[in-house]
Every structure is written in structure tokens, then in C-alpha cells.
Amino acid sequence: MKRKAVMVAILRIIGLAAFFMGLLWIAQGLGLVHWPRESFMLDQRAWAWRGLVLALLGIAAVWRAGRRR
């Protein structure tokens with residue numbers, strides 16, 4: 001039983017990290033965030049789309065973790 005709780009916690013952490021990283025990629029790809037200044041992702045629309053996919057995967061992971069309880 002404890003192993004299942006650990007897996008749920010890990011899935012939530014990974015999901016949240018993916019979600020927030022996806023948001024950063026979206027903001028960089030759309031040119032809203034210019035950090036770090038020398039990033040190759042700035043103003044590149046492809047990274048906004050990749051960020052959207054990553055954010056959605058993060059949401060799915062958090063949702064899946066909630067269903068495993």
C-alpha cells in the first residue's frame with residue numbers, strides 16, 4: 001500500500017513539473033518571456049506548440065495520479 005502512495009506522489013511531482021515547464025516553453029515560444037536571454041527557444045512558435053503538448057501531458061499525469069488513490 002505504501003508503494004502505491006509513493007508512486008502517486010512521484011506521478012504528481014512529475015506532472016506538475018511538466019505542466020510548469022510547458023508553460024515556460026509556451027511563454028518563450030510566443031516571445032512573452034525572454035529568459036534566459038540567449039535561449040534558442042525565444043520567439044519560436046514550434047516551442048509554443050511543444051510547450052502546449054508538455055503542459056497537457058503534465059495535466060494528464062496529475063489527473064492520472066488522482067485516479068490511482
Side-chain angles (χ1 to χ4, degrees):
M1 194 68 157
K2 185 163 174 81
R3 182 176 179 171
K4 186 175 181 180
V6 170
M7 291 302 293
V8 167
I10 290 171
L11 192 55
R12 280 187 179 154
I13 291 168
I14 290 171
L16 287 173
F19 174 72
F20 288 116
M21 187 179 299
L23 290 182
L24 177 62
W25 288 6
I26 291 168
Q28 285 180 326
L30 295 176
L32 301 173
V33 173
H34 287 150
W35 173 83
R37 288 193 182 274
E38 62 277 350
S39 177
F40 58 90
M41 296 167 56
L42 301 178
D43 295 319
Q44 301 293 321
R45 299 285 184 216
W47 285 103
W49 287 109
R50 291 172 184 148
L52 177 63
V53 171
L54 184 60
L56 291 175
L57 287 173
I59 290 171
V62 171
W63 176 79
R64 177 77 173 142
R67 294 189 42 95
R68 291 189 71 127
R69 282 188 140 196

To the nearest 0.5 Å, tell me how far [X] [atom1] sits from [Y] [atom2].
{"X": "R67", "Y": "R64", "atom1": "CZ", "atom2": "CZ", "value": "7.5 Å"}
{"X": "L54", "Y": "R50", "atom1": "CG", "atom2": "CZ", "value": "11.5 Å"}
{"X": "D43", "Y": "L32", "atom1": "CG", "atom2": "CG", "value": "9.0 Å"}
{"X": "Q28", "Y": "F40", "atom1": "CD", "atom2": "CZ", "value": "8.5 Å"}
{"X": "L30", "Y": "W47", "atom1": "CG", "atom2": "CH2", "value": "13.5 Å"}
{"X": "W25", "Y": "L52", "atom1": "CH2", "atom2": "CG", "value": "12.0 Å"}

Could you tell me which non-hydrogen atom of [X] sits nearest to which non-hydrogen atom of [Y], and how far apart they are?
{"X": "G15", "Y": "A61", "result": "CA-CB, 3.8 Å"}
{"X": "W35", "Y": "L42", "result": "N-CD2, 4.2 Å"}
{"X": "A65", "Y": "R12", "result": "CB-CG, 3.5 Å"}

Examine [X] and [Y] and state if one hydrophobic cluster contains both, with Ile, Leu, Val, Met, Phe, Trp and Tyr joined whenever side-chain heavy atoms are less than 4.5 Å apart.
{"X": "I13", "Y": "L11", "value": "no"}
{"X": "M21", "Y": "I14", "value": "no"}
{"X": "V8", "Y": "V62", "value": "no"}

### Query
Cluster partners of V53, using ILVMFWY side-chain heavy atoms under 4.5 angstrom, listed by chain and number?
L57
